[in-house]
Amino acid sequence: MKLERSSWKESAPLFLHSVRFRLTLWFVLVLGVVLAGFSVFIYSTETRFLRSDAIGDLREESERIQGLFQNSNGELSGIPPENDPVGGALMAQGDLLMLVNTDGAILQLQGQQITDPESLLAGLWAAAGGQHSPVVVQQKVHLAGQANTAAGAEYLFLTTPVMREDQVLGYLVIGTNTDLASQQHRLAVSLGIGSLGMLALALVGGFWLADHAMRPVAEIARAARDITEKDLGRRLNIPGRDELADLAATFDSMISRLQSAFERQRRFVADASHELRTPVTIINLEAGRALEGQRPAEEYRRALQIVDAEGRRMSRLVNDLMALARMDSGQTILQFEALDLRDIAREAMDRISSLAMEYGVRLEQRDLVPAPVYGDRQYLLQLVSNLLENGVKHSGSGKTVWIDTTREGEWAILRVADNGPGIPEEHLGAIFDRFYRVDPSRSQNDNDLTSPSGSGLGLSIVAWIAHAHSGKVRVESKINEGTTFQVTLPLRGG
Ligand code: ADP
């Protein structure tokens, strides 16, 4: 019992804050306001109609019987008696007919008998005495023979002057029991009960509707709660074309992006540790072998060269990994300044010249057309150096690597080309991917164990730098003919 109460206490505020509850409340509130306005309108127009209908009837009756009270000389002749066929047909049951002279004295009273004709007349006289046109008065009268005479009945009176030319001969008073107050009361009660009934229905129906409409949201929330880091393959897959299906689809696409980001991250970490394991293993092996026993000096030298090369490979790999991690996390801040790609090309050539000599590769500067751009000097230098280094390392002895710059429309273009072995077509689409190497065994440079081999990160860094400068990189290659990388950046002032 205690448990139940505490769970009720917990869920009640939740329910009060729920969209379902608030939607229903708003719905009922708006409907309540509309119904109240509607009821007031109906009540007031209906009351007006009731009264004007009663007055219309009285006027008609008054006009119909006007002539009956005057003789042929136009003098007041009196009301025909009720037992007379004419007099009997004068009015409806419950109506009251009075003929009053100009002094306010009742000449004749016919139809419904009342206990206080004098006080009625006083009231009527105050409103209609001396008037030349009909006057409507609503007044309470006490009916003779009524069980509760004190209660009285609501009557509507039309007092019409009986004229001969311009002279008022007397007044004809017709009264009819309108029962307006009780009709108004009945109308108010029906409107009130009807409105309350509709509000109750709206409350139930509105809650059902809101609950029904919110169900997919609860489903989305439940499914979203179930999706964990290890379960990113799951999707909500809510069918339909409404807003909630759209929300679910947006959510699904967000999960897809998260999933691919997680996968990229996982692959990156796996590849990075794999890449680092190779040089560590080689260093361990070489050092272990060298320490096994006495060896010729030449072998020690070779072992140290290998350890040195692998150390350099590791340090380069770690640098590249750190650069990529910075780029991915958005921490890389580029310092843009006015530069010329021609100068960057020359500086990068100087940097690479000793490596080219080591590999026996010829470096050539071809047409270096001024190509002004806005860019980060250090990063653009790294971009060109990476491309030149690739050309040198992958072409091999006796080959040539050249560079040129040019302008095309609004673009500054830098090309690094070589006449090396080229890249097979099926690999061209993937060489900008991280850790991708066309032929890992060749890149490991088995022939020359002392030379640091590539990690497959150089071109992905190149692509990132070009992209960060609003540019792009393209590659063209033919087997045994060579490879050309073309970097296109927006021309300064273009
Ligand atoms: P790496 O550190 O292995 O050079 P990169 O990302 O720079 O990594 O290059 C990816 C792969 O593209 C290289 O392993 C190589 O196979 C190929 N490649 C890049 N540049 C050239 C080139 N100029 N000639 C031939 N192959 C190239």
Side-chain angles (χ1 to χ4, degrees), residues 264 267-268 271-272 274-279 309-325 327-328 345 348-349 351-352 355-356 358-364 366 379-404 414-449 451-467 472-487:
R264 259 204 319 274
R267 214 173 41 231
F268 185 71
D271 286 346
H274 178 80
E275 288 298 324
L276 283 169
R277 209 172 51 206
T278 313
E310 291 305 321
R312 275 192 283 152
R313 178 168 138 83
M314 272 169 71
S315 111
R316 192 185 149 172
L317 185 65
V318 169
N319 282 341
D320 285 352
L321 284 175
M322 278 171 65
L324 277 172
M327 289 168 183
D328 284 349
M349 287 291 252
R351 263 193 187 184
I352 297 298
L355 184 82
E358 196 182 312
Y359 275 79
V361 173
R362 232 172 92 84
L363 278 185
E364 267 180 28
R366 296 211 172 153
Y379 279 96
L380 286 181
L381 255 176
Q382 186 177 357
L383 178 152
V384 183
S385 306
N386 279 9
L387 291 178
L388 285 172
E389 202 178 312
N390 272 350
V392 168
K393 284 185 181 170
H394 297 294
S395 297
S397 177
K399 300 291 181 184
T400 308
V401 174
W402 64 94
I403 193 164
D404 65 51
L414 176 139
R415 269 187 295 257
V416 176
D418 62 62
N419 55 2
I423 304 169
E425 208 181 326
E426 65 270 23
H427 294 285
L428 283 179
I431 54 168
F432 292 99
D433 291 350
R434 290 173 185 188
F435 299 108
Y436 191 87
R437 286 178 303 225
V438 172
D439 181 359
S441 59
R442 198 175 62 183
S443 289
Q444 296 291 327
N445 222 340
D446 286 340
N447 297 337
D448 181 4
L449 286 175
S451 155
S453 54
S455 61
L457 291 177
L459 284 180
S460 54
I461 292 175
V462 165
W464 187 92
I465 295 173
H467 188 73
K472 48 187 185 287
V473 201
R474 245 184 35 211
V475 60
E476 274 172 23
S477 189
K478 274 209 175 112
I479 293 294
N480 297 329
E481 283 184 25
T483 306
T484 305
F485 284 94
Q486 176 171 305
V487 182

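Just follow the structure's listing: the first ligand is 1, and inside any ligand the first atom is 1. Heavy-atom basis, side chains included; hydrogens, waters and symmetry copies ignored. These numbers come from a predicted model, not from an experiment.
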Do any heavy atoms of G391 fall under 4.0 Å from ligand 1? yes

For atom CZ of R366, is the number of surrounding heavy atoms from other residues, nucleotides or ligands below 6.0 Å larger than 12? yes

Can you find a pair of side-chain heavy atoms, one from D418 and one from K399, that are under 4.5 Å apart? no

Would you say I461 and Y379 make side-chain contact, with heavy atoms under 4.5 Å? no

Just how far is it from atom CG of L459 to atom CG of L383, taken to the nearest 0.5 Å? 9.5 Å

What's the separation between atom CG in D404 and atom CD in Q486, rounded to the nearest 0.5 Å? 9.0 Å

Under a 4.0 Å heavy-atom limit, does [X] contact ligand 1 with its side chain, its backbone, both, or neither?
| X | value |
| --- | --- |
| T483 | side chain |
| F432 | neither |
| L459 | both |

Using the ring of each side chain (for Trp, its six-membered ring), is F485 parallel, tilted or perpendicular to F432, with breaks at 30° and 60°? perpendicular

Ligand-side contact atoms (ligand 1) for residue partner [X], heavy atom cut-off under 4.0 Å:
| X | answer |
| --- | --- |
| Y436 | 10 (C), 11 (C) |
| L457 | 6 (O), 8 (O) |
| R437 | 3 (O), 14 (O) |

I want to confirm something. Looking only at heavy atoms, which of A417, G456, G458, S460 is nearest to atom 1 (P) of ligand 1? G456

